[in-house]
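Sequence lines set the chain letters: A, B, ... in the order given, protein chains first and strands last, and positions in each chain run from 1. A quick note: this is a predicted structure, and the numbers were derived from the prediction, not measured.
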Amino acid sequence: MNKNERFVKKITPKSADFSRWYTEIIQKAELADYAPVKGMMVIRPPGYALWENIQQLLDKRIKESGHSNAYFPLLIPESYLQKEAEHLEGFAPEVAWVTHGGQEELEERLAVRPTSEAIIGNMYAKWIKSWRDLPVLINQWANIVRWEKVTRPFLRTTEFLWQEGHTAHETKEEAEKETLMILSLYKDAVETDLAIPVIAGKKTEREKFAGALETYAIEALMTDGKALQMGTSHNLGQHFSKVFNIRFEDRNQNLQYAWQTSWGVSTRLIGAVVMAHGDDSGLKFPPKVAPIQVIVIPISVGDWKENVLPSAQNVESELKKAGLKVKLDDREEFTPGWKFSEWEMRGVPLRIEIGPKDIKEKQVIAVRRDNREKEAIPFNALSQRVPEILQKIQESMFEEALKFQRENTHELQNYEDFKTVIEAKKGFIKTLWCGDPACEDEIKEETMATIRAILMEKEEEKIQGKCVRCQKPSKFLVFFARAY
RNA sequence: CGGGGCGUAGCGCAGUCUGGUUAGCGCACAGCGUUCGGGACGCUGGGGUCAGGGGUUCGAAUCCCCUCGCCCCGACCA
């Protein structure tokens, strides 16, 4: 049998039509379904289980780095949102408003939060009086509503789930340090847990968060060559503290405005996992976040319920004891072949087959989802060998994605090459830029590519040269890409 | 919000151009039987406000008007 043979025949091949493959696999694998309200989706159990795993791992990291969880209200008075002009301007087009309570029209409209800087800033003003109150390090897991014109499951939905961290500090340096610490926390989480390599960097003015001093982001390359922003970390400076009046008396008894940050990742991460790892057979989940890590499939021949099923149940309970997320598929209405394809489509990292031949040999057959490699594992080695294989899968999925990212990162200095590459191969283009927003806008107009990240490597020799487009002296080393 | 495509059973579609018995097909679903190491097969059966509203007509899935929704490609965004 050809290792690359395509067994799943009910979805559009990824290579044929990426967008279609994406929306089909999400529905077939029951990650999400469309809800009655435009742009809203239901996250179904397999999709939500994936989110819970991501959430759990990330929450642990956030807490370990000193933050605590809290919860702020869903509704924000219009006047609060209006305080930061740039912030309001940025979000106004996509805010959903509550205008009535029951039959009664409200005196002041209430915004369904598009993000929580405004409400949190207001509360911080009440809580922060002295340098001794700082830093404030709070995170919240919440839902957000943004009335987007074009939506796609997980990538851009009207309502989405996320975590948003909001911190306040004594000094600008401390806020900047927090912003960068979170950026690397995100990078590490996404690379280690989701097995997706990312580029971490600073955003340009045009891509910056509405109301921030600086925005940093992690960007990943999807398998269709487009970039996806997977997380952002903002240094808010004193923009919000000034309008919300978050003042404190510092160590020298001077009244000062607090320095703030905010940062978040959302259910978009699920879309990233789907697009960065999936293939023509369907989903491919990294073991660390997979809702089911091992699927046990008894080979149902003859009196399999007496001869095979008990051994399969033993395998299941042994692996459960080893702390793994295991499921035994003992349904009699489906053939083993059907089950192989089904669980492959749903992205389960490892399949264990057990049939009469294996029982005679006191072993099982393990098949990896990522490369379909088969391996016989003796019964008595299960609890030791299976976790090892899962770890290998996690690592090689990252290696595979990293290889893809490298192969699709083109370093070049010539604008004609830039245009050709972005059109033909997409991917990242690593090049030099003058720093002029007008130049950036023109590149976007001409190629649909935007600056995804400004590299923070400071070595002077790396940024010496000419802007890829205007040929003026360059100031930044940047990554361009067409983005989601 | 612009351009394009589409809406008929849970899913995928035919039927619409050229109005006319009871709206079909495949998959899925239910029952029974035979199967089962890479998406098995036979027989039987259930399931439809033809997206919604209005109009034309003796008669509308089909023609006309309006509304809504979904997908793709742009502009905007996590």
Listed by chain and number, what are the ring pair (Phe, Tyr, Trp, His ring centres under 6.0 Å) partners of A:Tyr22, not counting sequence neighbours?
-> none

If you look at every strand shown and take non-hydrogen atoms under 4.0 Å, does A:Gly271 touch a base, only sugar-phosphate, or nothing?
-> nothing

Within residues 288-315 of chain A or reaching into it, pairs that qualify as side-chain hydrogen bond (donor to acceptor under 3.5 Å, both in side chains) - sequence neighbours excluded = A:Lys305-A:Glu332

Establish, with yes or no, whether the OP1 or OP2 oxygen of B:C73 is under 4.0 angstrom from a side-chain nitrogen or oxygen of A:Ser19.
-> yes

Length of the CE-P vector between A:Met41 and B:A78, whole Å | 17 Å

How far does the C1' atom of B:G48 sit from the matching atom of B:C11, given to the nearest Å?
-> 15 Å

Tell me the salt bridge (charged side-chain N to carboxylate O under 4.0 Å, His left out) pairs involving residues 360-370 of chain A, sequence neighbours left out?
-> A:Asp279-A:Arg369, A:Arg368-A:Asp370

Distance, C1' atom - from B:A9 to B:G5, rounded to whole angstrom | 23 Å

C1'-based separation of B:G3 from B:A61 [nearest Å] | 28 Å

Given atom CZ of A:Phe334 and atom P of B:C41, what is their separation to the nearest angstrom?
-> 14 Å

Complementary nucleotide for B:G7 - Watson-Crick or wobble, under 3.5 Å = B:C68

Does A:Arg482 have any side chain to side chain donor-acceptor pair (under 3.5 Å) partners at least two apart in sequence or in another chain, and if so, which?
-> A:Glu423

Counter-base of B:C41, judged by Watson-Crick or G-U geometry with both distances under 3.5 Å | B:G33

Taking OP1 and OP2 of B:C72, is either one under 4.0 Å from a side-chain nitrogen or oxygen of A:Arg152?
-> yes

Have a look at A:Phe91 and say if it touches a base, only the backbone sugar-phosphate, or nothing, with a 4.0 Å heavy-atom cut-off.
-> nothing

Is any side-chain N or O of A:Thr335 under 3.5 Å from a base N or O of B:C36, one able to act as donor and the other as acceptor?
-> no

Using the P atom in both, what is the distance from B:G26 to B:C63, to the nearest Å?
-> 26 Å

Assigned partner base of B:U57, Watson-Crick or wobble definition, under 3.5 Å | none

With a non-hydrogen cut-off below 4.0 angstrom, is A:Arg146 in contact with a base, only sugar-phosphate, or nothing?
-> base

For A:Leu269 and B:A78, give me the distance from atom CG to atom C1', rounded to whole Å.
-> 10 Å

When all nucleic acid strands are considered with a 4.0 Å heavy-atom cut-off, which category describes A:Glu94: base, sugar-phosphate, or nothing?
-> sugar-phosphate

Which letter, B, S or -, goes with each nucleotide of nucleotides 44-52 of chain B from 5' to 3', with contact meaning a protein heavy atom under 4.0 Å?
-> ---------

Ring pair (Phe, Tyr, Trp, His ring centres under 6.0 Å) partner of A:His234, chosen from A:Phe240, A:Trp263, A:Phe209 | A:Phe209

Produce a footprint string for nucleotides 1-6 of chain B: one letter per nucleotide, 5' end first; B if the base is under 4.0 Å from any protein heavy atom, S if only the sugar-phosphate is, - if neither.
-> B-----

Could you tell me which nucleotide pairs with B:C1 by Watson-Crick or G-U wobble geometry, both distances under 3.5 Å, or answer none if nothing does?
-> B:G74

How would you list, by chain and number, every residue that makes a side-chain contact (heavy atoms from CB on, under 4.5 Å) with A:Asp224, sequence neighbours excluded?
-> A:Phe18, A:Met222, A:Lys226, A:Tyr484

Taking atom C1' in both B:G2 and B:U8, what distance in whole Å separates the two?
-> 30 Å

Nearest-angstrom distance, P atom, B:G10 to B:C6 | 22 Å

Under the side chain to side chain donor-acceptor pair (under 3.5 Å) test, which residues partner A:Lys208, sequence neighbours left out?
-> A:Glu205

Rounded to whole angstrom, note down the P distance from B:C27 over to B:G7.
-> 22 Å

How is A:Glu148 classified with respect to the nucleic acid when contacts are heavy atoms under 4.0 Å: base, sugar-phosphate, or nothing?
-> base

With sugar-phosphate meaning primed atoms plus P, OP1 and OP2, does A:Gly264 contact a base, only sugar-phosphate, or nothing at under 4.0 Å between heavy atoms?
-> nothing

Atom-to-atom span, CD1 of A:Ile352 to P of B:G37 - whole angstrom = 19 Å

Looking at every strand, decide which applies to A:Ile365 at a 4.0 Å heavy-atom threshold: base, sugar-phosphate, or nothing.
-> base

Nearest-Å distance, CD1 (A:Ile182) to P (B:A78)?
-> 18 Å

List in numerical order all residues of residues 443-453 of chain A for which some heavy atom is under 4.0 Å away from an atom belonging to RNA chain B.
-> A:Lys444, A:Met448

With a 4.0 Å cut-off on heavy atoms, is A:Thr215 in touch with a base, just the backbone sugar-phosphate, or nothing at all?
-> nothing

Ion pair check, A:Glu214 and A:Lys202, cut-off under 4.0 Å | yes

Touch class at under 4.0 angstrom, heavy-atom based, for A:Pro356 against every strand present = base

Sequence neighbours excluded, which residues qualify as salt bridge (Lys or Arg N to Asp or Glu O under 4.0 Å) partners of A:Glu159?
-> none

In plain terms, say whether A:Arg469 and A:Asp436 are close enough for a salt bridge, that is, a side-chain N and a carboxylate O under 4.0 Å apart.
-> no

Pairing partner of B:C25, by Watson-Crick or G-U wobble and under 3.5 Å for both distances, is B:G12

What nucleic acid atoms does A:Arg206 come within less than 4.0 Å of, heavy atoms only: base, sugar-phosphate, or nothing?
-> sugar-phosphate

Remember a base hit wins even if backbone is also touched, and classify A:Thr232 as base, sugar-phosphate or nothing at under 4.0 Å, heavy atoms.
-> nothing

Side chain to side chain donor-acceptor pair (under 3.5 Å) filter on A:Thr23, not counting sequence neighbours, yields none

Mind checking A:Lys357 for me? I need base, sugar-phosphate or nothing, with any heavy atom below 4.0 Å counting as a touch.
-> base

Please list all pairs passing the salt bridge (charged side-chain N to carboxylate O under 4.0 Å, His left out) test where one or both residues lie in residues 84-94 of chain A, with sequence neighbours left out.
-> none

For B:C72, does OP1 or OP2 lie under 4.0 Å from any side-chain N or O of A:Tyr22?
-> no

Are A:Lys83 and A:Tyr80 in a cation-pi contact, defined as NZ or CZ under 6.0 Å from the six-membered ring centre and within 45° of the axis?
-> yes

Please measure how far the C1' atom in B:G53 lies from the corresponding atom in B:C68, and state the result in whole Å.
-> 10 Å

With the threshold set at 4.0 Å, does a side-chain nitrogen-carboxylate oxygen contact exist between A:Lys28 and A:Glu30?
-> no

Mind checking A:Ile144 for me? I need base, sugar-phosphate or nothing, with any heavy atom below 4.0 Å counting as a touch.
-> nothing

For A:Thr151 and A:Arg146, does a side-chain donor sit closer than 3.5 Å to a side-chain acceptor?
-> no

